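First up is the structure itself, then whatever we jot down about it.
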Amino acid sequence: MSRHIELQHVTLDVDGMTCAACGARIEKVVAKMDGIEQIHVNVALSRASVVIIPDRISVERIETRIEQLGFTAKERHSDGNNGADARTSGISSGMMFGMSLLLTLPFLWAMAAHHEWTASVWVPELLLHPWFQLALATPIQFILGLPFYTGAYRSIKSGSVNMDVLIVISTSAAYIYSHYLLFHGVSTIGHGNVMTGGHGGHVPLYFDASAMIITIVWLGKWLEALAKRQALSGIHQLHRLRPEMASVMREGQEQRIPVSQVVINDIVVVRPGESLPVDGQVIEGYSNVNESMLTGESMPVDKAVGDRVTAGTLNGNGMLSIRTTEVGKHSTLARIIKLVEEAQSTKAPIQRMADQISSIFVPIIMVLAAAAFITWYMALEPGQLGGALEKAIAVLLIACPCALGLATPISILVGSSRATQSGIVIKEGKMMEILPQANVILLDKTGTITGGNPRVTNVWAADVLTRPGSARVLPFEKRSAHARSRSTYLSMEDRSAANESFMLRMAAGAEQHSEHPLGRAVVEEALRRGITFPQCENFKSIPGCGIRALVEDRAVWLGTRQWLEAEGIAGLPQVGMASQENRRHPQSGLADQWERQGFTVIWIAVDGRWVGAIALSDPVKPTARKAIKQLTSMGLDVRMVTGDRASTAHYAAKQAGISQVYAGMLPEHKANLVQSLREQGHRVAMVGDGVNDAPALSAADIGIAVANGTDISKAAADIVLLKHDVSGVVRALVISQRTIRIIRQNLAFSLLYNVLAIPIAIMGYLAPWMACTAMALSSVTVICNALRLHRA
């Protein structure tokens, strides 16, 4: 008998990664450790997402192994430090660039003396002096360049090579060669970056090249940090939604305490204009709440007693008292932040190609640089060591795989942030690649296409008045003579009202614990009529069928007609008006008529006998019709799947603009349908909100749950729409499509850049500083292209 293995998801902050090769090295080594199920390293976020078996490996062991590779690793907790990390990185890179630029400016000024078009610019003699240039280049090389030496040492020690190795080799070669010439080739001092050798020839120095390379690399890192900070703006905004303090009623007095100290069932007071600090239920007051920061819905939502509210939303012009239901990491906002962070930390399948290329890229470049050096020194310019070295340095610098490594993760980061701002939570980055591949969209009806807030429109009760104290329901014809004669004193209208009241009392009593919108509608109708109902026992929900419970020791069934038949319920009218039983109940044909008009009909039985039916109206939302039209225009095959009868389903489908309908579907039928469509070669996206949709959401290529769905459906889904609107599917598709398009553009640019730039560097058409500038700009270009997703 197999034992269930418990897995744990761990997120680590990893410092010291400079390019995709670093991430590939960590993944390769850590993946071999016992107890590691999965690892993804995101260079753009400096983060590793690891799935482990806690019984076999600890987080500390993983951190130690990563540190042995030359990096630092620390377990990350969702504490909102993302923005601080980005700011710290930007400030550090900016300071290093500023100091390096200050020391490099004299070199830039001195370069004016070496070009005809700038020969008229006055250059102080001091700037052309080799010893002065040595004094400037040395702190740049060994103080401001120290992080590169440290990173290169760690990389080589771990058995790999990264961008730091390329930078150190190229700048050290330029610096050491110039240093050698200065101390061994001097007889007299020449001009600028040249000195006169002992044989009367001019020998070039490359102090300016090493200084500018390091300066440009720091510029690139600074621009990259700024761009990453911009890319993380979406998740930063979510963190800022959480207020730090809350007003709580304790011991009859209002106290101002940190949000972290609020506990479940605390009464929190929220004044006009304040952000809600907790998830909860309104127990007093009325206001409108702006939920746009979570759902993307610009219009405020009215909140009254009994309504649920979410932390991070903004209270309007009323005062609310809220009973806390969720706090801390269990709140809706905290769960959303966690999901978004996980999505940004995971990899899309499209990144595999970039990772494979990056892992072998640096060694190949080092071989090409060595080949370029030998070719120039031995064949093209025999004996010209400086010229050959310059070409090799340019090759080393031009071919950094940073742009290639950033192409996918930075796009996923920005795309998922943009989705969150639009009220869409994408749980894994790979879903952005899978969603645009979907060609069949299955939409559940109730709560997805329809509003999800049904109301009772018609009540049809059989003649089921009971004798006082009787525990058994009897039709009017079979009651005792005394009971029949007593009932004759009641008018038909009074008797009908009494029957309806009895049926609603039983139905509402059974449904009071139901989460289904239809059940809530039944309870609301009973309350509206002033009908009180007792507590129920043994409540059981049968997904796709109905519910069963004990109310005042009576067994009550509410659900579909087919399910009640399967349960052996007696007295159900036959379908169709021609039967003798239906002639006794002239209203029985109303059920068929209601369903043809698009109403949902709930059949009710008490103590094993049918007592009536309730019709509920849940109209198709105008926004759903518009969204379905948009999905169809995008070339998608949109279909409806529902547990309702065919007549009801087809009516709603016609209103929504859907031609293909699957009606009468139980949960397992929905899951089987999804599997069948996938076996036919379709990519299926399932959109639903109920417990009965959870199997299909899990079985689909991509599952999408809407805002008012059950916790089970949200857990089974890959994407959660925070706004109760199927138009979120359109937005998710558009953002995903544009994200994948940006990723492909970035990958194509990165590869094309290297394909074109490397031969140009080998041929000697790029000076080292030009190669370094092009390398830095390639990474910045990739990030800026990804930032265009903010306008999606």
Side-chain angles (χ1 to χ4, degrees), residues 7-90 92-93 146-165 221 224-225 228-229 232 235 329 337-338 340-347 351 355 358-359 362 401-402 405-406 408-410 412-413 428-429:
L7 301 178
Q8 179 183 349
H9 185 281
V10 178
T11 301
L12 302 173
D13 284 324
V14 182
D15 190 27
M17 294 189 294
T18 58
C19 66
C22 300
R25 177 65 178 166
I26 294 173
E27 286 183 350
K28 183 178 179 180
V29 172
V30 175
K32 294 179 180 179
M33 298 177 69
D34 182 47
I36 300 294
E37 287 290 299
Q38 194 177 58
I39 177 171
H40 296 302
V41 176
N42 190 317
V43 180
L45 288 175
S46 299
R47 194 174 300 168
S49 179
V50 192
V51 178
I52 67 173
I53 303 175
D55 294 341
R56 290 161 56 180
I57 193 169
S58 66
V59 177
E60 289 75 18
R61 275 186 59 197
I62 301 173
E63 293 173 349
T64 302
R65 188 68 185 98
I66 293 176
E67 288 170 1
Q68 290 172 351
L69 296 176
F71 309 95
T72 58
K74 184 178 180 181
E75 185 176 3
R76 181 181 190 84
H77 301 282
S78 185
D79 54 5
N81 286 332
N82 305 60
D85 295 342
R87 285 191 296 272
T88 302
S89 175
S92 175
S93 301
L146 181 61
F148 305 122
Y149 281 93
T150 304
Y153 169 75
R154 291 174 176 173
S155 178
I156 294 172
K157 183 181 177 182
S158 68
S160 64
V161 287
N162 62 5
M163 185 56 198
D164 287 335
V165 175
K221 288 183 174 294
E224 190 176 304
K228 286 180 182 178
R229 181 179 174 183
L232 283 165
I235 194 71
K329 65 181 181 180
I337 292 173
K338 183 174 185 294
V340 174
E341 288 181 339
E342 289 176 355
Q344 293 177 342
S345 298
T346 58
K347 288 186 178 180
Q351 192 174 347
D355 289 344
S358 298
S359 64
V362 175
C402 292
L406 286 171
T408 298
I410 201 71
I412 293 292
L413 189 154
E428 293 187 75

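Predicted model, so just to flag it, every value in this text is computed and none were measured. For the single chain, residues carry numbers from 1 onward in sequence order.
Between A73 and E67 the shortest heavy-atom distance is O-OE2, 3.7 Å. Shown here for Q8 and P54, the closest heavy-atom pair between the two residues is OE1-CG, 3.5 Å. The two residues L69 and I26 come nearest to each other via the heavy atoms CD1-CA, 4.0 Å. Of all non-hydrogen atoms in A31 and I39, the two that sit nearest each other are CB-CG2, 4.0 Å.
Between atom CD of residue E37 and atom NE2 of residue H9 there is a gap of 12.5 Å, rounded to the nearest 0.5 Å. With rounding to the nearest 0.5 angstrom, the CZ atom of R65 is 11.5 Å from the CD1 atom of I36. Here the straight-line distance linking atom CD1 of I62 with atom CD1 of I52 works out to 4.5 Å at 0.5 Å rounding.
The main-chain N or O of V41 is found under 3.5 Å from a side-chain atom of E27 such that the two form a donor-acceptor pair. At least one donor-acceptor pair closer than 3.5 Å links the side chain of E63 to the backbone N or O of E75.
Residues that satisfy the side-chain hydrogen bond (donor to acceptor under 3.5 Å, both in side chains) test with Y153, not counting sequence neighbours, are absent from this structure. Residues that satisfy the side chain to side chain contact (heavy atoms under 4.5 Å, CB included) test with T72, not counting sequence neighbours, are D15.
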**OP:** Show your reasoning for whether side-chain contact (heavy atoms from CB on, under 4.5 Å) applies to V59 and V50.
**Re:** CA-CA 9 Å; V59 177; V50 192; over 6 Å; no
